J.: 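One structure coming up, written as structure tokens, with questions to follow.
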Protein chains: 2
Amino acid sequence: MAKKQRRMTKQKRVILDVLRSTTSHPTADWIYNEAKKILPNLSLGTVYRNLNNLKEEGKILELSYGSTYSRFDGNPENHYHCVCVECGKVADLDMPVVEELDKKAQEAQGSSIFYHRLEFYGLCPHCEEKEMKN
Amino acid sequence: MAKKQRRMTKQKRVILDVLRSTTSHPTADWIYNEAKKILPNLSLGTVYRNLNNLKEEGKILELSYGSTYSRFDGNPENHYHCVCVECGKVADLDMPVVEELDKKAQEAQGSSIFYHRLEFYGLCPHCEEKEMKN
DNA sequence: GTAGTTGCAAACTTTTTGCTACCCA
DNA sequence: TGGGTAGCAAAAAGTTTGCAACTAC
């Protein structure tokens with residue numbers, strides 16, 4: 001499937017500029033309000049559309065778990081997960097929690113770190129098998 | 001502030017059982033539908049309330065980024081974040097991406113891992129300072 | 001007995017989408 | 001000029017909440 005063509009509009013330009021001009025990891029709504037100062041007619045739908053485009057183009061990151069709803073885990077122990085980029089399935093990983101990561105992060109940040117959450121993205125065995133056949 | 005007292009109702013019991021009987025990291029809606037097979041009068045609001053209770057009691061995990069909305073980052077390079085558990089602020093961490101983690105995860109899972117996302121939870125310098133004074 | 005919990009429905013929040021006019025390449 | 005994009009508003013999807021009846025302790 002051919003990649004959809006993308007245009008650089010002034011809205012998109014402003015949204016990207018706003019996002020790059022801050023280190024605060026803003027929400028879509030915050031970006032909307034900032035960008036509106038420059039383009040008063042901007043609409044929120046346009047912000048969302050452009051954020052999605054920019055994300056697909058690899059120009060920005062979205063910091064979310066990937067879906068709009070929460071998933072729950074009956075195991076309250078900290079453990080790692082792998083999300084399949086093909087089918088979206090979430091699997092537990094049988095691998096020990098790397099405690100040293102907290103220590104390293106604490107040095108990097110200079111204040112207390114209590115724990116971390118780590119998610120891997122890849123293919124689940126089932127989807128990998130399917131890929132092999134193509 | 002005293003901890004609110006919690007009761008074990010049959011709804012809560014069933015919700016927890018359903019969640020513990022699967023490894024599929026279900027959504028609230030899936031849990032609702034499963035639990036409804038046992039308690040036909042169950043309502044979705046009750047499921048959400050109990051999931052939140054169970055989470056606060058530390059009996060289950062919620063796999064989400066912590067808020068109901070997405071945050072965006074103008075830096076598309078993979079890098080780590082620290083979320084302040086006091087004020088919710090998200091900061092970039094100046095620490096190299098640990099590539100070996102992908103390798104370890106790949107061994108644990110037995111199929112391809114492409115990348116990972118790592119978030120630390122702790123106190124930002126500002127909130128840590130405030131804590132010191134108490 | 002009483003304070004926490006339920007079921008129900010309405011409200012809320014964030015995000016997506018349908019449509020027409022518009023404008024970038 | 002043609003097809004992706006903007007603005008607007010309505011809809012969707014997930015989650016929360018107010019309330020009266022109920023129930024666990």
Side-chain angles (χ1 to χ4, degrees), chain A residues 1-19 24-57 59-73 88 90, chain B residues 1-19 24-57 59-73 88 90:
Chain A
M1 47 192 130
K3 202 165 184 177
K4 192 163 49 164
Q5 188 190 323
R6 291 277 159 68
R7 287 179 192 165
M8 177 54 71
T9 61
K10 56 180 185 306
Q11 288 84 350
K12 190 174 179 179
R13 177 81 262 153
V14 168
I15 288 166
L16 188 53
D17 285 347
V18 164
L19 191 43
S24 70
H25 305 83
T27 62
D29 196 64
W30 187 92
I31 295 168
Y32 169 60
N33 283 305
E34 286 302 304
K36 217 174 157 72
K37 292 176 185 168
I38 299 162
L39 301 171
N41 289 325
L42 183 67
S43 80
L44 187 54
T46 298
V47 172
Y48 275 104
R49 267 186 293 239
N50 275 303
L51 287 173
N52 281 329
N53 284 359
L54 289 164
K55 187 173 57 174
E56 279 173 28
E57 292 171 42
K59 295 208 175 97
I60 66 172
L61 285 185
E62 181 177 6
L63 306 182
S64 76
Y65 193 67
S67 37
T68 63
Y69 43 78
S70 288
R71 289 171 169 278
F72 295 87
D73 192 327
V90 181
Chain B
M1 47 194 127
K3 202 166 185 177
K4 196 169 37 170
Q5 187 189 325
R6 292 277 160 67
R7 287 180 194 168
M8 178 54 71
T9 60
K10 55 182 187 303
Q11 288 86 347
K12 189 173 180 181
R13 178 80 262 153
V14 168
I15 288 166
L16 189 54
D17 285 347
V18 164
L19 190 44
S24 71
H25 305 83
T27 62
D29 198 62
W30 187 92
I31 295 168
Y32 169 60
N33 282 304
E34 286 302 304
K36 219 174 155 74
K37 291 176 186 168
I38 299 161
L39 301 171
N41 289 324
L42 184 66
S43 80
L44 188 53
T46 298
V47 172
Y48 276 105
R49 269 186 292 235
N50 276 303
L51 287 172
N52 281 328
N53 284 359
L54 288 165
K55 188 172 59 174
E56 280 174 30
E57 292 171 40
K59 296 209 175 97
I60 66 173
L61 285 185
E62 181 176 7
L63 307 181
S64 76
Y65 192 66
S67 35
T68 63
Y69 43 80
S70 287
R71 291 173 167 277
F72 295 87
D73 192 327
V90 182

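Below, chain A is the first sequence line, B the second, and so on; all start at residue 1. Remember, predicted model here, so these are calculated numbers, not experimental data.
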J.: Are the side chain of A:Lys36 and the backbone of A:Leu42 linked by a donor-acceptor contact shorter than 3.5 Å?
T.: yes
J.: Please pick, from D:dA6, D:dT15, D:dC19, the nucleotide with the shortest atom-to-atom distance to any side-chain atom of B:Arg49.
T.: D:dC19
J.: Would you mind classifying the nucleic acid contact of B:Leu44 as base, sugar-phosphate or nothing, using non-hydrogen atoms under 4.0 angstrom?
T.: base
J.: Is there a donor-acceptor pair under 3.5 Å between the side chain of A:Arg71 and the backbone N or O of B:His25?
T.: yes
J.: Among the nucleotides C:dG7, C:dT16, D:dA6, which one has an atom lying closest to any side-chain atom of A:Asn52?
T.: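 Closest nucleotide to the A:Asn52 side chain: C:dT16.
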J.: For B:Leu19 and A:Phe72, which heavy atoms make the closest approach, and how far apart are they?
T.: CD1-O, 3.8 Å
J.: What are the two closest non-hydrogen atoms of A:Ile60 and A:Leu51, and how far apart are they?
T.: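 Closest heavy-atom pair between A:Ile60 and A:Leu51: CD1-O, 3.6 Å.
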J.: Please give, in whole Å, the distance from C:dT15 C1' to A:Asn53 CG?
T.: 15 Å
J.: Can you check the B:Tyr32 OH to D:dA13 P distance for me, whole Å?
T.: 16 Å
J.: Using whole Å, what does the distance between atom P of nucleotide D:dT5 and atom CG of A:Leu39 come to?
T.: 16 Å
J.: Hey, does the side chain of B:Tyr48 come within less than 4.0 Å of D:dT15's phosphate (OP1/OP2), counting only N and O?
T.: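 So the side-chain polar atoms of B:Tyr48 do come within 4.0 Å of the phosphate oxygens OP1 or OP2 of D:dT15, strictly under.
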J.: Report yes if a side-chain nitrogen or oxygen of B:Gln11 is closer than 4.0 Å to either non-bridging phosphate oxygen (OP1 or OP2) of D:dT23; otherwise report no.
T.: no
J.: Can you tell me which nucleotide in C:dT14, D:dT5, D:dT15 comes closest to the side chain of A:Ser70?
T.: D:dT15
J.: For B:Leu51 and C:dT6, give me the distance from atom CG to atom C1', rounded to whole Å.
T.: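 My rounded result for the distance is 15 Å.
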J.: Start at the 5' end of DNA chain C and walk down; is the nucleotide closest to B:Thr46 or to B:Phe72 reached first?
T.: B:Thr46
J.: State, to 0.1 Å, how close B:Leu39 and B:Gln11 come at their nearest heavy-atom pair, and which atoms those are.
T.: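 Closest pair (atom of B:Leu39, atom of B:Gln11, distance): CD1-CA, 3.6 Å.
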J.: Taking only the side-chain heavy atoms of A:Asn50 (C-beta and beyond), determine which of D:dA6, D:dT5, C:dT15 contains the nearest atom.
T.: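 Of the candidates, D:dA6 comes closest.
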J.: Nearest whole Å is fine: how far is C:dT5 C1' from B:Lys12 NZ?
T.: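 Going from NZ in B:Lys12 over to C1' in C:dT5 covers 10 Å.
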J.: Expressed in angstrom and rounded to an integer, what is the separation of A:Leu42 atom CG from D:dC8 atom C1'?
T.: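 The answer, rounded to whole Å, is 12 Å.
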J.: Grab the N/O contacts between the protein and nucleotides 22-25 of chain C below 3.5 Å, and write none if there aren't any.
T.:
unit_1, atom_1, unit_2, atom_2, d
C:dC24, O2, A:Arg7, NH1, 3.4

J.: Roughly, in whole Å, what's the span from CD in B:Glu62 to P in D:dG14?
T.: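 Atom CD in B:Glu62 sits about 14 Å away from atom P in D:dG14.
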J.: What is the minimum heavy-atom distance between B:Glu57 and B:Lys12, and which atoms define it?
T.: OE2-NZ, 2.6 Å
J.: Quick check: closest heavy atoms across B:Ser43 and B:Tyr32, and the distance to 0.1 Å?
T.: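 So the minimum-distance heavy-atom pair works out to C-CE1, 3.6 Å.
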J.: Could you tell me the separation between the CD atom of B:Glu57 and the C1' atom of C:dT5, rounded to a whole number of Å?
T.: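 These atoms are roughly 13 Å apart.
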J.: Between C:dT15, D:dT16, D:dT15, which nucleotide has the shortest distance from any of its atoms to the side chain of B:Ala28?
T.: D:dT15
